[in-house]
Novice: 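Before I ask anything, here is the structure I am working with.
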Amino acid sequence: VFLLRAELEHLAEEAELLFRGAPHGVHVGERAHRVGVLGGELTEGRNQTATFLDRAEELVRKGGTNVPIDERVDVLLARAAHARSGANFRDAIPSYDKVLGLDPDNVRATLARVELYSEANLKETALALLERALSRRPKSVALLRATASSLEELSRTSEAEAVEDRYAA
């Protein structure tokens, strides 16, 4: 773990240098992703994780539009997961909203929003979100399974079985 932390510190420094030296922020997103997400996974506490995520977000912010969308999404998902594991799980909602703003078809963010709606006992809202996502990605097994589960929770078993048949085929 010590060597990995040293590597993360090195990556953070390298990303800062790249940003300062590269006129268009080349490769900043990849470095930010690695620093924030890996750093967050290796830390011992929430405060340390938050520090790594803050650094990653700053690097992405400095990189601007030169940071690929998938790397910005990864950093936002890491921030959302961190917020969700805290005392108030609803703090994750803005991060998931940003992800869905960048990538409306992001299955991870969609499923996370569905879970948050379900935890708040907004089961119909969760199902509506799933149905909109399925209209864009009709072959996503993860979305089909979540939809079937949501329908079962609402005691709509015949509809749930029809959806289950779609992903079983």
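Small disclaimer: the values here were computed from a predicted structure and weren't measured.
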Novice: What are the two closest heavy atoms between A148 and A160, and how far apart are they?
Specialist: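 Looks like O-CB, 3.5 Å.
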
Novice: Working to the nearest 0.5 angstrom, can you tell me the gap between L111 CG and S140 OG?
Specialist: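 Reported value, rounded in 0.5 Å steps: 7.0 Å.
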
Novice: Please determine whether the number of non-hydrogen atoms from other residues, nucleotides or ligands lying under 6.0 Å from atom CG of N88 exceeds 12.
Specialist: yes

Novice: So that I can tick it off, tell me whether D105 and R136 are bridged by a salt bridge, with the cut-off set at under 4.0 angstrom between side-chain N and carboxylate O.
Specialist: yes

Novice: How far does CG of N121 sit from CD of E153, to the nearest 0.5 angstrom?
Specialist: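 Separation between the atoms: 9.5 Å.
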
Novice: Report yes if some heavy atom in the side chain of R79 is under 4.5 Å from a heavy atom in the side chain of D54; otherwise report no.
Specialist: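 Counting from C-beta outward, R79 and D54 do come under 4.5 Å.
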
Novice: Shared ILVMFWY cluster between Y117 and Y96, side chains joined below 4.5 angstrom?
Specialist: no

Novice: Could you check whether E119 pairs with R90 (Lys NZ or Arg NE/NH1/NH2 to Asp/Glu carboxylate O, under 4.0 Å)?
Specialist: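 Not counted as a salt bridge, because no side-chain N and carboxylate O are separated by less than 4.0 Å.
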
Novice: What pair of heavy atoms forms the shortest contact from A126 to S118, and how long is it?
Specialist: CB-OG, 3.9 Å

Novice: To the nearest 0.5 Å, how far apart are CG in L151 and CG in L127?
Specialist: 5.0 Å

Novice: Within a radius of less than 6.0 Å around NZ of K123, do more than 12 heavy atoms belonging to other residues, nucleotides or ligands occur?
Specialist: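 Enclosed: over 12 neighbouring heavy atoms sit under 6.0 Å from NZ of K123.
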
Novice: Do V114 and Y167 belong together in a cluster built from hydrophobic side chains that touch within less than 4.5 Å?
Specialist: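 Yes, because V114 and Y167 connect within a single hydrophobic cluster, where side-chain heavy atoms sit under 4.5 Å apart.
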
Novice: Does T110 use its side chain to pair, donor to acceptor, with the backbone of N106 at less than 3.5 Å?
Specialist: yes

Novice: I'd like to know if D103 and R108 make a salt bridge, using a cut-off of under 4.0 Å between side-chain N and carboxylate O.
Specialist: no

Novice: Got R166 and P138 here, is their nearest side-chain heavy-atom distance under 4.5 Å?
Specialist: yes

Novice: Could you state the interatomic distance from CZ (R132) to CG (L100), rounded to the nearest 0.5 Å?
Specialist: 10.0 Å

Novice: Among all residues two or more places apart in sequence or in another chain, which pass the side chain to side chain donor-acceptor pair (under 3.5 Å) test with E161?
Specialist: none

Novice: If you group Ile, Leu, Val, Met, Phe, Trp and Tyr by side-chain heavy-atom gaps below 4.5 Å, do V99 and F89 land in one group?
Specialist: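 Linked, V99 and F89 end up in one cluster.
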
Novice: Is there side-chain contact between V60 and L76, with at least one heavy-atom pair below 4.5 Å?
Specialist: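 No, their side chains stay 4.5 Å or more apart.
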
Novice: Which distance, rounded to the nearest 0.5 Å, do you find between the CG of L143 and the CG of L130?
Specialist: 6.5 Å

Novice: Do the side chains of R61 and E58 get close enough for a salt bridge, i.e. N-O under 4.0 angstrom?
Specialist: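 Result for this pair is yes, salt bridge flagged.
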
Novice: Could you state the interatomic distance from CZ (R84) to OG (S95), rounded to the nearest 0.5 Å?
Specialist: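 These two atoms lie 12.0 Å from each other.
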
Novice: Group every Ile, Leu, Val, Met, Phe, Trp and Tyr by side-chain heavy-atom contacts under 4.5 Å, then state whether L129 and L144 land in the same group.
Specialist: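 In one cluster: yes.
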
Novice: Hey, any chance V107 and V75 share a hydrophobic cluster, counting ILVMFWY side chains that come within less than 4.5 Å of each other, even indirectly?
Specialist: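 Different hydrophobic clusters.
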
